[in-house]
Trainee: 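Quick one: structure below, then a few questions.
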Amino acid sequence: MDFRRVSRNPSVWTWLSILLFSSAIILYVINLYGPCFNECNLNIYEELQETREMLEGCGDSGVIRTRLKKCQEELRRRDELDDKYIPGAQNSKLQIEFLALNQSYHELKTYLRTREKTCGLIANSLDGTVTLEEQFKRKVRTLEEKDRTNQAIIDNLRSSLLKSNYHNSRDWRAKEIEKTTTERKVSIYVYNMPRFNTDFYYAHLSEYQKKCRNQIGERELHQRFLDSPNRVMDGELADLYYVPVYTGCYRTVVGTELQTDAYSATYKFISDAVDLIKKNYPYWERSQGRDHVWLFLYDYGVCLEYGRPNAKLRRIPSGLENSILIQYLGDITPGMECFSTWKDVVIPAFVNNPKILAGRGGVTIDPASRHTFAYFRGSIRWKLSKWHTAEMNYSNGVREIINRTYYNDDLFELHQGASPNYIEEMQSSVFCLAPLGYALWNFRLYESVLLGCIPVIIADNIELPYESVIDYRQFTVKILETQVSNLKDILLSIPKEDIRKKQEMLKKVWKRFAYMSPTEEGDAFDLLINELGTHANRPYQPAAKTYWL
């Protein structure tokens, strides 16, 4: 080849340049995207493993944070890449791998804070040039831009910033100890484990978010723990440790959306949370979980069932036998292990309908306008299926007896199914029946209180919220399930003056069954904090089992 001729021919050089440039582009694309079609996560996996080894050996904090930042950037790049370039099943597989690595990254970040304290390291900024305060502001802006502001993450970022600037000083520790012993009823540390709460919540469809938000209340109570003045940022100063795992939300989703064994899957979810705490924090092992607080707001609480017969067959998740379990359920039936009266806490169901909350115990309702003597709206029986068998004995037959006995009675208003006039119907009634369903508790009891309708509790062996400080005799009626055939006579035997006193008392106690936002003194969450304070070091005290009019 005559290279002199080639050198004088500009078109040849043009084509050679294009060829070389194209080759460079191809090599770059292969280098950038190629791993995602093969072993996409190998390098970052090794990076995370080496970082963990550095943490175990109390390595330099600044270097470790730089490595973690590098992993974070790589994870973000690959997440975007998977979404853009990898279709179908390949994308699903890589997404699962990405989520696993992302979880490892967040666990390492949590572990880093623990090791910094243990090893006596100083928290440096991630890149050595941008201050922690500026990083915090940037992260907050990013969260707001995505319209997914996660208060739990923001609070923990804020706590990290405060610790960096102030928490290592003696003045801070002295003031925190003084605050713990003087201002707080009980000091509570909230674990930062978004995989088990907000990450899962936001990952699912809006209809399940609505189910979790409106029916269970885990997210709202989690937020109240984060906002509580009883919260401490240093676990060493805590009396109790709140584990924010959305057990009811998870069970609802895996049982409905994912169509899997909800019981086993949820117990595995709980077990993973315990393992994470044991691995990254020292607090669980000190008491074997006795000072750890969990929310179990499903129908039958920690048994994660909706019917008593099935619940009796379930066991408490391994490791939680000693923990304090906050539940809507207070079933003290002999042989039932879903609730322990000496260590667990019963709370009111989370009612967030603003129209019901506005009832304020009937303070604005004229008693003379309550023209219905006794009212009930709800299920009477369930159609038999594999989910609703005759052996489950819905409501122990109580609702059917009420319906059969009083359906045509002029003093009773009994209805099945939902109604847009439900609130008005309650507000126009003197007594609102609250018989058991599959579980002993139901929302109807608390809605009655908030709307000023005297609740008639028909459920044996039930422990009600905060019985040690609330005298239910003053504003409710409670009868045995076996007395339901005489319900009309029992209610008519109550003197009008006693009815008036109960109605007046409802106007005074309603707030104890409402979760105000923000929390107010004497509301349901404030009473929960008080109750947890007594559980931190309380003697055994059995629940009352009496019946009253």
Trainee: Checking the side chain of Lys343 only, and the main-chain atoms of Ile324 only, is there a donor and an acceptor separated by less than 3.5 Å?
Mentor: no
Trainee: Return yes if some donor-acceptor pair links the side-chain N/O of Ser323 with the main-chain N/O of Gly289 below 3.5 Å, else return no.
Mentor: yes
Trainee: Between Asp489 and Asn486, is there a donor-acceptor pair closer than 3.5 Å when you use the side chain of the first and the backbone of the second?
Mentor: no
Trainee: Please check if any side-chain donor atom of Tyr246 sits under 3.5 Å from a side-chain acceptor atom of His222, or the reverse.
Mentor: yes
Trainee: Looking at Asp523 and Lys511, would you say the former's side chain and the latter's main chain have a donor-acceptor pair under 3.5 Å?
Mentor: no
Trainee: Looking at Glu337, I'd like to know if its CD atom is crowded, meaning that more than 12 non-hydrogen atoms belonging to other residues, nucleotides or ligands lie closer than 6.0 Å.
Mentor: no
Trainee: Under a 3.5 Å distance rule, please check whether Ser429 uses its side chain to pair with a backbone N or O of Phe431 as donor and acceptor.
Mentor: no
Trainee: Under 6.0 Å between ring centres: does that hold for Tyr189 and Tyr242?
Mentor: no
Trainee: Can you give the donor-acceptor pairs under 3.5 Å from side chains of residues 294-304 to other protein atoms, not counting sequence neighbours?
Mentor:
| residue | atom | partner | partner atom | Å |
| --- | --- | --- | --- | --- |
| Tyr298 | OH | Arg251 | NH1 | 3.3 |
| Tyr300 | OH | Arg308 | NE | 3.1 |
| Tyr300 | OH | Asp331 | OD2 | 2.7 |

Trainee: So if I apply the ring pair (Phe, Tyr, Trp, His ring centres under 6.0 Å) rule between Tyr406 and each of Phe412, Tyr375, Phe373, which one comes out positive?
Mentor: Phe412
Trainee: Could you tabulate the donor-acceptor pairs under 3.5 Å formed by side-chain atoms of residues 354-369, not counting sequence neighbours?
Mentor:
| residue | atom | partner | partner atom | Å |
| --- | --- | --- | --- | --- |
| Asp366 | OD1 | Ala368 | N | 3.1 |
| Ser369 | OG | Asp366 | O | 2.6 |

Trainee: Check for a donor-acceptor pair, side chain of Ser428 on one end and backbone N or O of Glu424 on the other, with a separation under 3.5 Å.
Mentor: yes
Trainee: Grab the two heavy atoms, one from Cys453 and one from Val430, that are nearest each other, plus how far apart they are.
Mentor: SG-O, 3.7 Å
Trainee: For Leu436, does its backbone N or O pair with a side-chain atom of Ser395 as donor and acceptor, under 3.5 Å?
Mentor: yes
Trainee: Calculate, to the nearest 0.5 Å, the distance between atoms CD1 and CD1 belonging to Ile479 and Ile457 respectively.
Mentor: 10.5 Å
Trainee: Quick one about Asp344 and Ser340 (side-chain donor to acceptor, distance below 3.5 Å, no hydrogens or angles considered), yes or no?
Mentor: no
Trainee: Run Asp275 and Lys279 through salt bridge (charged side-chain N to carboxylate O under 4.0 Å, His left out) and show every step you take.
Mentor: CA-CA 6 Å; Asp275 290 342; Lys279 186 175 183 180; over 6 Å; no
Trainee: Any donor-acceptor pair under 3.5 Å linking the side-chain atoms of Glu467 with those of Tyr472?
Mentor: no
Trainee: Any salt bridge between Lys501 and Glu504, counting N to O under 4.0 Å?
Mentor: no
Trainee: Mark yes or no for whether Arg370, through its side chain, and Gln427, through its backbone, hold a donor-acceptor pair below 3.5 Å.
Mentor: yes
Trainee: Looking at Glu497, I'd like to know if its CD atom is crowded, meaning that more than 12 non-hydrogen atoms belonging to other residues, nucleotides or ligands lie closer than 6.0 Å.
Mentor: yes
Trainee: Would you tell me whether Glu481 and Asn396 have side-chain atoms, one donor and one acceptor, within less than 3.5 Å of each other?
Mentor: yes
Trainee: Taking Arg219 for the side chain and Asn197 for the main chain, is one N or O donor matched with an acceptor at less than 3.5 Å?
Mentor: no
Trainee: Taking the six-membered ring where the residue is Trp, are the ring centres of Tyr191 and Tyr281 under 6.0 Å apart?
Mentor: yes
Trainee: Determine, using ring centers only, whether Phe525 and Phe225 are less than 6.0 Å apart.
Mentor: yes
Trainee: Would you say Glu413 and Thr372 are linked by a side-chain donor-acceptor pair, where the criterion is simply a distance under 3.5 Å?
Mentor: no
Trainee: Side chains of Glu218 and Phe350: closer than 4.5 Å at any heavy-atom pair?
Mentor: no
Trainee: Specify whether Phe443 and Tyr328 have parallel, tilted or perpendicular ring planes, treating 30° as the upper limit for parallel and 60° as the lower limit for perpendicular.
Mentor: perpendicular
Trainee: Check whether any side-chain N or O of Arg512 sits under 3.5 Å from a backbone N or O of Ile470 as a donor-acceptor pair, and report yes or no.
Mentor: no
Trainee: Can you list the steps and then say if Asp272 with Arg195 is a salt bridge (charged side-chain N to carboxylate O under 4.0 Å, His left out)?
Mentor: CA-CA 10 Å; Asp272 290 346; Arg195 170 195 164 194; 3.4 Å; yes
Trainee: Step through it carefully: locate the ring centre of Tyr250, locate the ring centre of Phe269, and say whether they are under 6.0 Å apart.
Mentor: yes
